[in-house]
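Data first, discussion second: the structure below is written as structure tokens.
This chain uses plain numbering: 1 for the first residue, then up along the sequence. Since we're looking at a predicted model, the values are computed, not measured.
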Amino acid sequence: MFEINPGARRRTLLLAVSLAALSCAAPALGQTADGAGAPEKKVESKRPKVSDAKPTSPNATVNLLNLMVKRKLLSEDDAQSLIKQAEDEAYVSRQASKDASSKADEAAKAATAAAAAANPPGTKHVTYVPEVVKRQLREDIKREVMAKAEKENWASPGKYPEWAQRIRFYGDVRARYAGSFFPTGNDPSLYNFNAVNTGSAYDIAPGSTNAAFPTYNTYQNRNQVRLRARLGMDADLTNGFSAGLRIATGESNSPVSTNQTLGGGGSNFSKYSIWLDRAFLKYQLPNQDVVAQVGRFDNPFWSPNDLVWYRELGFDGVAVQAKQEVLPNITAFGVAGAFPIFNTDFNAGINNVLPETSKFASHDKWLYGAQGGFAMRFDPVSEFRFGVAYYDFENVQGQTSDPCYILDRADGCSSDLSRPLFAQKGNTYSAFRNIAQGTWNDFGRLNQFQYFGLVQKFRPVVASAQLDLGEFHPFHIIVDGEFVWNSAFDRALTVAGTGTKDAVAGMAINNRAGTADGSFGPFNGGDMGWMARVTVGNREIKHFADWNFHVGYKYLESDATLDAFADSDFGLGGTNLKGYFLGGNFGLSENVWASMRWLSANNIAGSPYAVDVLLVDLNAKF
């Protein structure tokens, strides 16, 4: 037997009493204040027939509710809701009563049959089921039916069960035209270290038969049509726990892009890959703004723009976020976390040594970060926010290997895992393999297969600020900015022979000034960057005709931060870039909008490189 929820019973009784009161009050609308009215006139009224198939509402009540709606005493939605709820509960009650009566009759028949079997033929016996017993049966069965209806929501058609109401699905789709336009004068040999580090080692020997060193496209314009689609789910697990999943498109496992180029990959209308983009568990302390999460989740650090972190970058690891109002209209916030960037393959090893000494030592890479700041609201729709963060990238710097004997591309060295396995453009690189010399390689003139590692360590300090002025709400003026400085930068590491055992001993290969004779000039990379932007219009684009416009400037030196996690659109990705950008958004319908951005970027250090990027998007979310 089930017990009906007391709250639901009270709501049902209140609704029934309200409808009954309204029904009784209907005739009184024609009376005067002292109770006198029009002369009584006897009217024959035909009782409406109640259908067994579905509930109906009393006509007088419906007419009264319609009159109240007409006189603006009650909204139409509220009136329809009252009628619908009354019909549903009347239907459940009627069904419960019918079931109770049916079971009582069956019980009586069963008792009669049992008595007949127990008595000899010819004996007459009348079975009597007291009315109080029937009434009790009806009440018990009614409680069971009502409890089941409340639990399974079949008394309210179209309503999901309770467990399903704790799951929320969401998603978005974006179609994009991307145009990349290169001016004349770019260096056609802009090194692509990522292509080498994620493939076979490159032979830098003078007599090498290699093809040309892999390079980026710097002079052929490109037009692409790209697609991004994402589908996610958030589930409330109760007691403060929740979980989330999201899948997304993407032509590679790049951390800074879920774009899929149409016609790319296998082409000929081949199907595209789907990647696991988010998967996390989250816990929030009861009645507290303290949240802990583990897995793969959104960037937990507050950042108003994408100077350091690409705005849609996912973080793997664990993070704790907290905020607390410390003074009226002033809220402090803090974030701390640990995130594995690279975990050594379990069987990673060298091919050209004995099995017992063939496995690489672990070279796991981690990011540790902490941020603190405050938000100050000085108007109902205006706010100033400020934060400072410190990040420590552990083991991302390339390391000089132990002396190693290389006879083939597949042979490995002890520090090979210190190379970055994903990168964009901008960071400074150097060869780090310490290849032994002898007759087997003609004393260094043959078989010089190299990988390339990051010259610098990275411990960036980031200051972020945003001023949101809502004087003309819903239109806002938003000014945001960010500054980054790599506190671990050491310019001496870019010069040959000045590195330590834990650093790259060779000189920097890229980010060097050009010379008249084409030789390497001095290193002219840097360790800082900044970005400023102004946005005018609606904060979010949700409805038709919502709009905003922004313009800004970015300056990000070569080694201010890791290029792997920077914006992938500005300058086609990475660091060592400066330039301006502008764009706007316009709402086409509910949750559908168009946007356009123009980004113009130039190299800061090294060889000449510039690119203008035009992005035209059609966005939809649900």
Side-chain angles (χ1 to χ4, degrees), residues 189-216 252-253 341-365 395-423 425 427-457 493-512 518-520 564:
S189 59
L190 184 63
Y191 293 150
N192 186 345
F193 294 104
N194 187 64
V196 175
N197 285 337
T198 56
S200 299
Y202 187 82
D203 190 358
I204 63 172
S208 169
T209 58
N210 278 333
F213 197 98
T215 60
Y216 288 103
S252 70
N253 62 350
I341 299 174
F342 170 79
N343 186 259
T344 306
D345 184 274
F346 191 79
N347 292 313
I350 308 171
N351 295 332
N352 60 345
V353 296
L354 296 175
E356 60 269 21
T357 59
S358 66
K359 300 306 178 185
F360 283 144
S362 177
H363 194 89
D364 298 346
K365 303 176 184 181
N395 282 340
V396 298
Q397 183 187 35
Q399 296 182 5
T400 303
S401 72
D402 296 329
C404 56
Y405 298 86
I406 300 295
L407 302 176
D408 187 79
R409 286 183 197 277
D411 295 335
C413 295
S414 62
S415 64
D416 283 358
L417 295 181
S418 67
R419 73 188 191 273
L421 295 180
F422 176 80
K425 301 187 299 294
N427 287 162
T428 305
Y429 285 86
S430 177
F432 60 70
R433 279 179 162 185
N434 182 11
I435 301 175
Q437 298 183 10
T439 56
W440 59 87
N441 60 12
D442 196 14
F443 299 96
R445 286 189 287 272
L446 298 173
N447 300 333
Q448 299 297 296
F449 297 103
Q450 277 287 358
Y451 282 122
F452 302 89
L454 296 173
V455 171
Q456 298 293 336
K457 296 181 179 180
L493 294 176
T494 63
V495 181
T498 61
T500 65
K501 178 65 177 66
D502 295 327
V504 178
M507 68 178 179
I509 295 177
N510 60 328
N511 298 327
R512 305 182 74 92
S519 61
F520 279 146

Next item on the list: State which residues pass ring pair (Phe, Tyr, Trp, His ring centres under 6.0 Å) with F452; sequence neighbours excluded, sorted by chain then number.
Entry: F193, F213
From [atom1] ([X]) to [atom2] ([Y]), nearest 0.5 Å:
X	Y	atom1	atom2	value
F449	D203	CZ	CG	4.5 Å
N427	Q456	CG	CD	9.5 Å
Q450	S430	CD	OG	8.0 Å
N447	I406	CG	CD1	9.0 Å

Note to self: Quick test of your reading: applying salt bridge (charged side-chain N to carboxylate O under 4.0 Å, His left out), list the pairs with at least one residue in residues 189-200, sequence neighbours left out, ordered by first then second residue.
What the structure shows: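 Passing the test, one end in residues 189-200: no pairs.
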Taking all heavy atoms of [X] and all of [Y], pick out the closest pair and write down the distance.
X	Y	result
F422	A564	CE2-O, 3.4 Å
Y216	A423	OH-O, 4.5 Å
G453	P420	CA-CD, 4.3 Å
A201	Y451	N-OH, 3.4 Å
R512	T494	NH1-O, 3.5 Å
S418	S415	OG-O, 2.7 Å

Check: If we only count heavy atoms from C-beta on, is the L407 to W440 side-chain gap below 4.5 Å?
Finding: yes
What residues form a side-chain contact (heavy atoms from CB on, under 4.5 Å) with [X], not counting sequence neighbours?
X	answer
L421	F342, R419
S362	T344, D364
P214	N192, A195, V196, Y202
N347	D345, K359

Qualifying residues under side chain to side chain donor-acceptor pair (under 3.5 Å), relative to [X], sequence neighbours excluded:
X	value
S189	D187
N511	T428, N576
R433	D416

Test item: [X] side-chain N/O and [Y] main-chain N/O as donor-acceptor pair under 3.5 Å:
X	Y	value
S414	D402	yes
N510	Y429	yes
Q397	N395	no

Notebook entry, point to check: For D408, which residues count as a salt bridge (charged side-chain N to carboxylate O under 4.0 Å, His left out) partner, sequence neighbours excluded?
Noted result: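 Result, salt bridge (charged side-chain N to carboxylate O under 4.0 Å, His left out) vs D408: none returned.
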